[in-house]
Participant: 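Please find one structure pasted underneath; my questions will follow.
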Amino acid sequence: MDVLKGLNPSQVEAVLETEGPVIVLAGAGSGKTKAIVHRIAYLLDGGISERRVLAVTFTNKAAGEMRARTISMVGAAAETVWLCTFHSLCARILRVHIDKLKPIAGRQPYRQGFSIYDDDDRKQLLSDCIKNLGLDLSAESLKMARRWVSYAKLRGLEPEQLEARLAGDGQGRFARVYEQYLTRTAASNAVDFDDLLSLTLRLFDENQEVLSIYQDRFEYCMVDEFQDTNRIQYELMKRIVGKHRNLFVVGDDDQSIYAFRGADLRNILDFEKDFPDAKIIHLGQNYRSTKSILSTACSLISKNLARKKKELFTENIAGQKVELCTCGTELAEAEFVCQEIQMLRKGGDPDLSTTAVFYRTNAQSRAVEDVLVRCNMPYKIVRGLRFYERKEVRDVIAYLKASVNPDDDIALLRTINVPPRGIGKVSLDLIADEAHGSGCSLFAAVGRLKDSAAVRPALRAKLTSFHALIAALRESASAAQRPSEFINHLLCETGYLEFLLESAEGEEKTRAENVKELASVAKAFEQKHPGASVEDFAHHIALLTDLDEFDERESPVSLLTLHSAKGLEFDVVFIIGVEKGFLPHYSIRTIEQFEEERRLLYVGMTRAKKRLILTRAFRRMTFGRTTMNPESPFIDEIPAELIARRAFYGDNLL
DNA sequence: TGCGACCTAGTTTTT
DNA sequence: CTAGGTCGCA
């Protein structure tokens, strides 16, 4: 059969084992995506309707790649398979059914057309809640608040339950923050990323009818990167496969590096307990790396205690030894990397066409960037400042959201004085009080105050024109306008583009360009979804990140954190800062965290196909202070004969 | 309201 | 060191 061509026996097994629970333990570079893609193709080939198949991944990018590969195998039928991220799956379900959630006393029920709050919106709202409650508004307490809110949502806790959990620790105040946060998101008809998951789970548990729709529909369910799922995501999948139990998960416990974000390694370690009849398939053959690289990485990861025993092997050539270069300073380290890349380039080996530099923290990229710029070497930095995190982009998105969801207070707050309209803090407090007093949205409050005799005329005029502006935007958003047209319309009408250009002094030009870039994102969206409304676009954009756009093949040198390296591969990989303090990071406390750091290094190493070069700096400036970091203890765990040691003190040619 | 001086904190972050 | 946030003054 065609779909089995080019697969090894374990992969074939993973494809053919379609009924019942299956867990695939797929080592790094063992072709797990291939296995999933072929499995989907096999199902469709065998006459299973594409409506019956659900495949969930973690990033839009991974989903997109999987879709492209499936389409190339089975053709257009794959276009309509639900191949999505957990968040987009949930968003899609909630878009239809959110109003069927049981209402909760004291909180407004959710309704169609809800907004999605990202982490920044959440932060904004949380600090506002903290302020409102008259609590300590330090960075520390904001961090705690975020932590506890996430904690509660992950476990489906209501404020009272969180209170009970926290009271003993004298942290009860965070339960009140949580309560207010819930009330206010509900009032704004907004859900955050955690809500997407937890509300869907709640919906399933409250409403058997809705659950049945999906249970009956999705007969074959697959989850990629299973080691990164959190408890809720796992529960969601368990609900969906409740009837037929055709759950196929692929993961690698050794590549779990997101515990700090709630990923729960127990999901993968305990899968067999939840599904005692689960088939277990090992994908142990690595197709990516040389023997040298693989054995180095394996000797490291074998030191982890909390892992499933497994052996990886490869039929690839031995290749060059992994290198470790000790450099004088972080600048010398950067020079070394640059020089080494230049040498590889001069060699002109077409096999070494992609190169990446990995680091533990974003700040480490600086020295490397400096040197690369001075050497005129083109490079691409992955998520230095994300496109969608830029202030100007967020401002425009806020306008977009405000134009679509009349209750979205956070969006309104963001837009109200940008560009400056003379509506400052005092006026804002007035509006907030009015909204609070009459239990309406901020926008409605603006509407009331603009006609209120109690407000001074100057402010009334400002409010009137702002109110008219937003009302007009709403009008044209719901008129059948194309999203990209609407963005352009919005940029003019609000005076935002003018505002950007006015304050422009050289670099600010890029701001205007960024904003226009958003219009082209809208254009691309239109082409993909003909006839899509402004509202559709607003919903779509809430789940986008620009890692989705990253194409590791297009630039010769990529700079990225170890975390964002996951799922990618490069011919040549440099990992810089292999020092105690960075790897493991100085902040780690527990043995679990220590093992996660080890996995992080392992993930980085296993991205390399041909060459792997580790570097460390003897002396390094951190926070304006010179520190001397010893070598990473992880190096000691690798047999010395696997590593070729070098030194580079830098001749400061640059 | 807005700007500039001062202070403080400083991991990783698929959505 | 440097970016982001706060505070105080004009």
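Chain identifiers are assigned alphabetically (A, B, ...) following the order of the sequence lines, protein sequences preceding nucleic acid strands; residue numbering begins at 1 within each chain.
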Participant: With rounding to whole Å, what would you report as the distance between C:dA3 and B:dT14 at their C1' atoms?
Facilitator: 26 Å

Participant: Output all residues satisfying side chain to side chain contact (heavy atoms under 4.5 Å, CB included) with A:A26, sequence neighbours left out; order by chain, then residue number.
Facilitator: A:V24, A:S30, A:K32, A:V250, A:L283

Participant: Could you identify which residues of residues 621-631 of chain A place a heavy atom less than 4.0 Å from some atom of DNA chain B, listed by residue number, or say none?
Facilitator: A:F623

Participant: Holding to ring-ring contact (aromatic ring centres under 6.0 Å, His included), I want the full list of residues that pass it with A:Y117, two or more places apart in sequence or in another chain.
Facilitator: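 ring-ring contact (aromatic ring centres under 6.0 Å, His included) list for A:Y117, sorted by chain: empty.
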
Participant: Under the salt bridge (charged side-chain N to carboxylate O under 4.0 Å, His left out) rule, what pairs show up with a residue in residues 617-635 of chain A, not counting sequence neighbours?
Facilitator: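 Salt bridge (charged side-chain N to carboxylate O under 4.0 Å, His left out) check on residues 617-635 of chain A returns A:E333-A:R620, A:E579-A:R620, A:R616-A:E631, A:E631-A:R645.
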
Participant: Is there a side-chain polar atom (N or O) of A:N362 under 4.0 Å from OP1 or OP2 of B:dT13?
Facilitator: yes

Participant: If the P atom of C:dG5 is compared with that of B:dT12, how far apart are they to the nearest Å?
Facilitator: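 Result for the P pair: 16 Å, nearest Å.
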
Participant: Does one side chain, of A:D192 or A:Y181, offer a donor that lies under 3.5 Å from an acceptor on the other?
Facilitator: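 Side chains of A:D192 and A:Y181: pair found under 3.5 Å.
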
Participant: Hey, does A:R366 reach any base, or is it just sugar-phosphate, or nothing, if we go heavy atoms under 4.0 Å?
Facilitator: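 Sugar-phosphate contact only.
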
Participant: In residues 581-592 of chain A, which residues come under 4.0 Å of DNA chain B by heavy atom?
Facilitator: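 A:H585, A:S587 - these, ordered by number, are the residues of the stretch whose heavy atoms sit under 4.0 Å from the strand.
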
Participant: If you go through the side-chain atoms of A:R261, does one of them form a donor-acceptor pair with the base of B:dT15 closer than 3.5 Å?
Facilitator: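 Answer yes: a donor N or O sits under 3.5 Å from an acceptor.
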
Participant: If the sugar-phosphate is the primed atoms plus P, OP1 and OP2 and the base is the rest, what is the B/S/- string for nucleotides 1-9 of chain B, using protein heavy atoms under 4.0 Å?
Facilitator: SS-------

